[in-house]
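Structure first, commentary second.
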Amino acid sequence: MALSIEKLLGFEGKTVAITGAASGMAHCATELLLSLGAKVYAIDMNDVDLPVEKSIKGNLADKNAIDEVVAQLPEKIDIVYMCHGVGLRPGREKFINMVNFVGQRYMAEALLPKIVDGGAITFISSSGGYGWEQNMQNIGAVLATETFEDAEKWIEDHVDMFAQGGPDPYQFSKQCLSAYVKSKTRSQEYIGRKIRINAIAPSFTSTPLIKDFNAAVSKDGTNESGENEMYNLFLKSWNGRPGKPEEMAYPLVITASDICSYLSGQVIYIDFGMTGEMDWNTASAK
Ligand SMILES: NC(=O)c1ccc[n+]([C@@H]2O[C@H](COP(=O)([O-])OP(=O)(O)OC[C@H]3O[C@@H](n4cnc5c(N)ncnc54)[C@H](O)[C@@H]3O)[C@@H](O)[C@H]2O)c1
């Protein structure tokens, strides 16, 4: 019997919740999920212009708003993709961490009772979170907080660290997210119910979020200068190009599909070899 890729992926009739779906990678992932027959609940602070089962608006940096969003989702969800995020925004150190980590963790855990046994959750971290193992003192402290409020307070109390040569606030938020995935792999609330947890970690990708990074590194405040700086920082050394949204979205979708039913606890770098080279350089220097 011929194998069918759609059947192997197994999305037909599955209930999927995806955040950040109004734009970029998650928008692209939503298009693929719809074409594979999933019932998609799309969440974003902006309108989602796709024919989803339900589009839910909310600010996922805010605890009450997250509670309201979770309440509007169905009682049984097969798969969750946590994709929303903001880029580097100077002066908004706490906000970045509330959107990219504190709110993400809170929402994922609020959704757990709705995720079916054997379900899956995949986050979008970032290659910016690479090397999180070197920063365990701070990451461990954030992960040890038990509530949204305690995590928020920890970030508030430590915003100065971003000006002191450590990871920038975006990197830190993504380091926390990557470390969270690892920390929960064998956690009872996940493995006890056979819920798989993974993340993809994209590098520089052409989506609207890149404007945040362009603005952060621009020498004269223009987007053009920012684009040049980003090219010099991330692409020039290997004659590279930015990734396309679908080059992140399609692998993202696959991680939570039936094809990947034995994949869990992984942070999968999708960066055309960037972190592979870093691994090699680190190993070679030893
Ligand atoms: N573009 C890149 O180069 C890059 C690289 C690595 C990781 N990422 C990560 O990929 C993910 C997707 O980003 P993208 O590049 O597709 O960007 P994008 O800006 O196109 O999409 C992000 C979406 O998140 C939504 N969002 C942001 N803050 C929100 C909030 N508080 N509440 C609800 N929705 C909110 C936005 O409205 C937007 O629709 C993000 O987590 C981002 O950090 C992006």
Side-chain angles (χ1 to χ4, degrees), residues 17-32 41-50 52 55-70 72 81-89 92 94-108 122-130 148 168-178 180-181 199-217 226-227 230-231 233-235 240-253 267-272 274-275:
I18 180 164
T19 68
S23 174
M25 299 176 198
H27 185 272
C28 199
T30 303
E31 288 181 301
L32 176 59
Y41 291 75
I43 304 137
D44 203 289
M45 61 197 301
N46 293 317
D47 289 322
V48 178
D49 63 355
L50 292 169
V52 291
S55 173
I56 304 170
K57 266 172 108 166
N59 171 12
L60 304 178
D62 179 85
K63 187 182 172 193
N64 293 331
I66 294 172
D67 288 340
E68 281 169 28
V69 166
V70 170
Q72 291 177 66
Y81 295 101
M82 298 289 295
C83 307
H84 64 284
V86 290
L88 191 56
R89 296 180 180 185
R92 309 203 66 188
K94 177 184 160 190
F95 175 74
I96 293 165
N97 278 276
M98 294 310 291
V99 178
N100 290 1
F101 177 66
V102 179
Q104 292 252 354
R105 178 181 74 165
Y106 178 75
M107 182 164 172
T122 301
F123 296 85
I124 303 188
S125 183
S126 169
S127 57
Y130 180 81
F148 182 98
D168 68 44
Y170 180 81
Q171 286 176 315
F172 187 69
S173 68
K174 296 297 189 177
Q175 287 184 344
C176 290
L177 200 51
S178 294
Y180 177 74
V181 168
I200 64 159
S203 63
F204 190 164
T205 310
S206 296
T207 68
L209 180 135
I210 277 298
K211 288 204 182 75
D212 287 349
F213 286 100
N214 291 346
V217 299
E227 273 178 3
M230 289 294 283
Y231 176 76
L233 281 169
F234 295 108
L235 304 175
R241 65 164 171 84
K244 297 176 200 159
E246 61 269 28
E247 290 178 305
M248 307 301 157
Y250 298 166
L252 164 82
V253 167
V267 176
I268 302 166
Y269 291 93
I270 307 178
D271 57 13
F272 221 72
M274 187 180 83
T275 53

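Counting convention: from 1, in listed order, for ligands and their atoms alike.
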> Which atoms of ligand 1 sit under 4.0 Å from any heavy atom of Ala61?
Replying inline: 31 (N)

> Does an N or O anywhere in Asn46 fall below 3.5 Å from an N or O of ligand 1?
Replying inline: yes

> Starting from atom 4 (C) of ligand 1, which protein heavy atom do you reach first, and at what distance in Å?
Replying inline: Met25 CE, 3.7 Å

> Between Leu209 and ligand 1, which part of the residue brings a heavy atom under 4.0 Å of the ligand: side chain, backbone, both or neither?
Replying inline: both

> With no hydrogens and no angle check, is any side-chain donor or acceptor of Gln72 less than 3.5 Å from a backbone partner on Lys57?
Replying inline: no

> Which of the atoms in ligand 1, numbered in the order shown and given with their element, are less than 4.0 Å from a heavy-atom of Gly20?
Replying inline: 23 (C), 24 (O), 39 (O)

>> Give me the nearest non-hydrogen protein atom to atom 31 (N) of ligand 1 as residue plus atom name, then the distance to 0.1 Å.
In response: Asn59 OD1, 2.9 Å

>> For Tyr106 and Asp62, which I'm curious about, is there any donor-acceptor pair between the side chains at under 3.5 Å?
In response: no

> So, Phe213 versus Tyr170, ring centres under 6.0 angstrom or not?
Replying inline: yes

> Are the side chains of Thr207 and Ser23 in touch, meaning some heavy atoms are under 4.5 Å apart?
Replying inline: no

> If you round to the nearest 0.5 Å, how far is CG of Asn100 from CZ of Phe95?
Replying inline: 8.5 Å

>> Please list the nearest protein heavy atom to atom 3 (O) of ligand 1 with its residue and the distance rounded to 0.1 Å.
In response: Thr205 N, 2.8 Å

> Looking at atom 26 (N) of ligand 1, what's its closest protein heavy atom, distance included?
Replying inline: His84 CB, 3.8 Å

>> Using heavy-atom distances only, which candidate in Gly24, Cys83, Ala199 approaches atom 12 (C) of ligand 1 most closely?
In response: Cys83

> With a 3.5 Å cut-off and no angle check, do the side chains of Thr275 and Ser127 form a donor-acceptor pair?
Replying inline: no

>> For the NZ atom of Lys244 and the OH atom of Tyr250, what is their distance to the nearest 0.5 Å?
In response: 10.0 Å

> Is Lys174 in contact with ligand 1, taking contact as a heavy-atom separation below 4.0 Å?
Replying inline: yes

>> Closer than 3.5 angstrom, by distance alone: can the side chain of Lys174 be matched with the main-chain N or O of Ile124 as a donor-acceptor pair?
In response: yes

>> Would you say that Asn97 contacts Pro169 through its side chain, given a criterion of any heavy-atom pair below 4.5 Å between the two side chains?
In response: yes

> Just going by heavy-atom distances, which of Asp44, Thr207, Leu88, Ile200 is nearest to atom 14 (P) of ligand 1?
Replying inline: Thr207

> In ligand 1, which numbered atoms sit nearer than 4.0 Å to a non-hydrogen atom of Phe204?
Replying inline: 3 (O)

> What are the atoms of ligand 1, with element, lying closer than 4.0 Å to any heavy atom of Pro208?
Replying inline: 20 (O)

>> Counting only heavy atoms closer than 4.0 Å, does ligand 1 sit against the backbone of Ser203, its side chain, both, or neither?
In response: backbone

> Tell me, which protein residue and heavy-atom name are nearest atom 32 (N) of ligand 1, and how many Å apart are they?
Replying inline: Leu60 N, 2.8 Å

> How long is the span from the CG atom in Leu88 to the CG atom in Asn214, to the nearest 0.5 Å?
Replying inline: 11.0 Å

> Got a second to check how far Thr19's OG1 is from Asp44's CG, nearest 0.5 Å?
Replying inline: 8.0 Å

> Among Gly85, Ser23, Ala201, Gly103, whose heavy atom sits nearest atom 27 (C) of ligand 1?
Replying inline: Gly85

> How many angstroms lie between atom CZ of Phe272 and atom CD of Glu247, to the nearest 0.5 angstrom?
Replying inline: 8.0 Å

> Does Ser125 come within less than 4.0 angstrom of ligand 1, counting non-hydrogen atoms of the residue?
Replying inline: yes

> If you measure from CD on Glu68 to NZ on Lys63, what distance do you get to the nearest 0.5 Å?
Replying inline: 13.0 Å

> Quick one: nearest non-hydrogen protein atom to atom 9 (C) of ligand 1, plus distance?
Replying inline: Ile124 CG2, 3.7 Å

> With respect to atom 8 (N) of ligand 1, which of Phe213, Phe95, Phe123, Tyr170 exhibits the smallest heavy-atom separation?
Replying inline: Tyr170

> Is Thr205 reaching over with its side chain to a backbone N or O of Ser203, donor-acceptor style, under 3.5 angstrom?
Replying inline: yes

> Taking heavy atoms and a distance under 4.0 Å, where does Ile210 meet ligand 1: side chain, backbone, both or neither?
Replying inline: side chain

>> For atom 29 (C) of ligand 1, what is the closest protein heavy atom, and at what distance to 0.1 Å?
In response: Met45 SD, 3.3 Å

> At what distance is the nearest protein heavy atom to atom 6 (C) of ligand 1, and which residue and atom is it?
Replying inline: Pro202 O, 3.1 Å

>> Below 3.5 Å, N or O to N or O, backbone or side chain included: is there any such pair between Ala21 and ligand 1?
In response: no

> Among the heavy atoms of Gly58, does any lie under 4.0 Å from an atom of ligand 1?
Replying inline: yes

